[in-house]
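Convention: sequence-line order gives letters A, B, ...; per-chain numbering from 1. Computed from heavy atoms alone, side chains included, the values below leave out hydrogens, waters and symmetry copies.
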2 protein chains.
Amino acid sequence: MSDTRGYHHGDLRRALLSAAVQAIEESGPAALSLRDLARRAGVSHAAPAHHFGDRAGLFTAIAAQGFDTLAEALTDAGDEMLELGMAYVDFAVRHRAHFEVMFHPELYRADDAEVRAARERSGAVLRAGLAHPSTRTRPAADGRAGDDDLAEQQAEVLAAWSIVHGFATLWLAGALPAGLGDDPAVVARSVIRHLYT
Amino acid sequence: MSDTRGYHHGDLRRALLSAAVQAIEESGPAALSLRDLARRAGVSHAAPAHHFGDRAGLFTAIAAQGFDTLAEALTDAGDEMLELGMAYVDFAVRHRAHFEVMFHPELYRADDAEVRAARERSGAVLRAGLAHPSTRTRPAADGRAGDDDLAEQQAEVLAAWSIVHGFATLWLAGALPAGLGDDPAVVARSVIRHLYT
DNA sequence: GCGTGCATCTTGTCAATGACAAGATAGGAT
DNA sequence: ATCCTATCTTGTCATTGACAAGATGCACGC
């Protein structure tokens, strides 16, 4: 029952999460008020506490959901660097609220089990995709696979992650100069390509 | 007089700014409390309002100060891409509080005159440095300087800005995997180099 | 059928906060 | 000396997060 009437809401947790995401998209995580959420859902001011404990608990749930969705989106994107990067930016823009919460660990309990698992999942997809031979800038032609190569590969993942994360963050912050159009994907593509000559 | 006693503080505005920066470094901008600042400075709870109006006013002052300091740091870094990028990351890490406020425009009045001027200053330094011929990946060997070239150059600036901003953000968020050491400069250098083969 | 246990939600309360209003103080200009 | 005004204080209000205690009703056992 997804009905919202009566003493028992029926699906309050989901309703609160959804309202929270919408509220965050409107005015950012800092402005989120538990009492406002309760009002939006039509329940009493203390109802959210039962499902999330406190504010940090709510953000923790959002972060977990976000890392899960990100892992899914990256998986669907395949293992080409360009597509992976585009998927990352696309996720950030389309799930702005989740994205902003995920990378503000002071808002939630980053050591929460669900969050850790979901984060690890998305991290693994990212690393796997970026480590794929076809996407390497230098395909390790010398055959050696020593420590240098490992460190090099890690730096490569970091560079790729940095550029897409940076672009997404700057875009969301409205820090980029005007005149780039309103489609982040178009700009992102030409930016990401710079990492591979 | 930098004394803090008596009815008139003497240098309250500066003291509040300094206390705010320290508080933000400790627990992030969201946790900042004007009343706590007042307590730290030893003044009444309403004293900050006179100098900054409201919370957004305080953040506006911090953002302006931040863009100013950034412009200075980038200017001192010269016009080589690698050094510019390192300076950007260095600024973010050493002035974490300013950096975090600057790129969260929902916290302050982004259209404030001082902020706009300071932001424009730092943006100009960034663009100038990154547009410097010696740092271009492809030095426009064909001689043509058409629209494509302009767009290309802009995308290059965006790519450079994105990678350093992304790295700094991820580092500050503690999102990067452990085992990278504790010196962001070392890692940043090897990350930034990926943008130029 | 029918209690009963427990998750779910409510009401009530408290300290902290941001914002605003009105008044006190002092440093400096005339 | 007097006033003027920036600076700071005291007082107040609505809002919020957190907590405590109680109400409600669904599900399950008998």
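Protein atom CZ of Phe52(A) is 13 Å distant from nucleotide atom P of dA18(D), rounded to whole Å. Rounded to whole Å, the distance from CG on Leu34(B) to P on dG18(C) is 5 Å. Rounded to whole angstrom, the span from the CZ atom of Arg13(A) across to the C1' atom of dA7(C) amounts to 14 Å. Leu16(A) has its CG atom 11 Å from the C1' atom of dC9(C), to the nearest Å. For the pair Leu37(A) CG and dC9(C) C1', the interatomic distance rounds to 16 Å; values are reported in whole Å. As rounded to whole Å, 16 Å separates atom C1' of dC26(D) from atom CG of Leu12(A). Counting to the nearest Å, the C1' atom of dA18(D) and the NE2 atom of His51(A) are 17 Å from each other. Atom pair His45(B):NE2 and dT9(D):P shows a separation of 9 Å (rounding to whole Å applied).
Each side chain to side chain donor-acceptor pair (under 3.5 Å) pair with one or both residues in residues 176-189 of chain B, not counting sequence neighbours, appears once here: Glu83(B)-Arg189(B).
The side chain of Ala47(B) lies closest to dC8(D) when the candidates are dT10(C), dC8(D), dT17(C). For Ser33(B), the side-chain atoms get nearest to dG18(C) when compared with the rest of dT16(D), dG18(C), dT13(C).
Between His50(B) and the phosphate of dC8(D), there is no side-chain N or O to OP1/OP2 separation shorter than 4.0 Å. The shortest distance between the side-chain N/O atoms of Ser44(B) and the OP1/OP2 oxygens of dT10(D) is not below 4.0 Å. OP1 or OP2 of dT17(C) lies within a sub-4.0 Å distance of a side-chain N or O belonging to Arg39(B).
The one candidate from Leu16(B), Leu58(B), Asp54(B) that meets the side chain to side chain contact (heavy atoms under 4.5 Å, CB included) condition with Leu34(B) is Leu58(B).
Residues Asp36(A) and Ala46(A) each lie close to DNA chain D; by heavy-atom proximity, the contact nearer the 5' end of the strand is made by Asp36(A).
Classification of Glu106(A) and Arg96(B) as a salt-bridged pair fails, no side-chain N sitting under 4.0 Å from a carboxylate O. Taking a cutoff of 4.0 Å between a charged side-chain nitrogen and a carboxylate oxygen, Arg109(B) and Glu114(B) do not qualify as a salt bridge.
Here the side chain of His165(B) pairs no donor or acceptor atom with the backbone of Trp161(B) at under 3.5 angstrom.
Tracing side-chain contacts under 4.5 Å through hydrophobic residues (I, L, V, M, F, W, Y), one reaches Tyr196(B) starting from Val191(B); they form part of the same cluster.
The shortest non-hydrogen separation linking Ser44(B) to Ala38(B) is O-CB, 3.2 Å.
Within residues 53-66 of chain B, the residues approaching DNA chain C are Asp54(B), Arg55(B), by heavy-atom distance under 4.0 Å.
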